[in-house]
Amino acid sequence: MFNNRSSDGRNNVCGKNIAALRKQQGISQRELAGRLQLMGYDMDKNAVQRIESGQRFVTDIEVEAFAKVFGVSLPMLFREDISPENLFGENDTE
């Protein structure tokens, strides 16, 4: 049977990185949702919280929007080794 969850039971693999990038940039979940809304995406604070906690699936369109908001590449949002020390490593802000 197909399993559509990550190895740790989350509904997405990018939520942890979205949370780390948001915190690194010093913005709230509400502010992140507002930035996405200004770009034309229907996202509220609760949706951001559910994505970050792994409770909500994320569409490819939303992942692209998060990358634009944070100024990072798409692969950056899927890295497993992200930490405050390597958030903006070489070639990650393309």
Side-chain angles (χ1 to χ4, degrees):
M1 187 165 127
F2 179 74
N3 183 4
N4 61 350
R5 294 184 187 266
S6 67
S7 60
D8 60 358
R10 298 168 62 89
N11 287 322
N12 65 62
V13 296
C14 62
K16 289 180 182 180
N17 294 342
I18 290 169
L21 287 162
R22 178 183 61 75
K23 291 172 186 175
Q24 189 273 336
Q25 293 186 14
I27 61 175
S28 68
Q29 291 174 337
R30 188 174 309 282
E31 184 177 347
L32 176 56
R35 290 181 186 189
L36 291 164
Q37 289 170 3
L38 288 174
M39 295 172 62
Y41 298 95
D42 185 22
M43 183 81 56
D44 64 12
K45 179 217 174 274
N46 293 330
V48 171
Q49 186 277 326
R50 293 185 75 230
I51 289 168
E52 290 183 355
S53 67
Q55 297 173 344
R56 182 183 179 279
F57 291 102
V58 186
T59 68
D60 53 354
I61 294 166
E62 291 170 334
V63 173
E64 185 177 38
F66 281 114
K68 286 179 184 177
V69 165
F70 293 125
V72 299
S73 65
L74 286 172
M76 178 69 168
L77 292 178
F78 295 103
R79 286 178 53 171
E80 292 185 32
D81 64 339
I82 196 168
S83 69
E85 297 80 39
N86 65 13
L87 279 172
F88 293 101
E90 263 184 52
N91 301 319
D92 286 333
T93 58
E94 297 173 355

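Just so we're clear, the structure is a prediction, and the values are computed from it rather than from any experiment.
Using modelled atom types, one side-chain atom of Gln25 and one backbone atom of Phe70 make a donor-acceptor pair closer than 3.5 Å.
Here the CD atom belonging to Glu52 is positioned 9.5 Å from the CG atom belonging to Asn12, to the nearest 0.5 angstrom. Rounding to the nearest 0.5 angstrom, the gap separating the NZ atom in Lys23 from the CD atom in Gln29 is 8.0 Å.
Summarising the geometry of Asn11 relative to Phe57, their closest heavy-atom pair is O-CD2, 3.1 Å, with the distance given to 0.1 Å. Across all their heavy atoms, Arg10 and Lys16 have their closest contact at NH2-N, 3.4 Å. Looking at every heavy atom in both residues, Arg50 comes nearest to Ser53 through O-OG, 3.3 Å. Nearest approach of Ala33 to Asp44, heavy atoms of both residues: CB-C, 3.5 Å. Nearest approach of Leu32 to Arg22, heavy atoms of both residues: CD2-CD, 3.9 Å.
No side-chain heavy atom of Leu21 sits under 4.5 Å from any side-chain heavy atom of Val69. In this structure, Phe66 and Asn17 have side chains that are not in contact, with every pair of non-hydrogen atoms separated by 4.5 Å or more.
Note on Met39: it clusters hydrophobically with Ile18, by side-chain heavy-atom contacts below 4.5 Å among ILVMFWY residues. Residues Val63 and Ile61 fall within the same hydrophobic cluster, defined by Ile, Leu, Val, Met, Phe, Trp and Tyr side chains chained together at heavy-atom separations under 4.5 Å.
In this structure, Arg56 pairs ionically with Glu62, as a charged nitrogen and a carboxylate oxygen lie closer than 4.0 Å.
Shown are Thr59, Leu77, Leu74; of these, the side chain to side chain contact (heavy atoms under 4.5 Å, CB included) with Glu64 is made only by Leu74.
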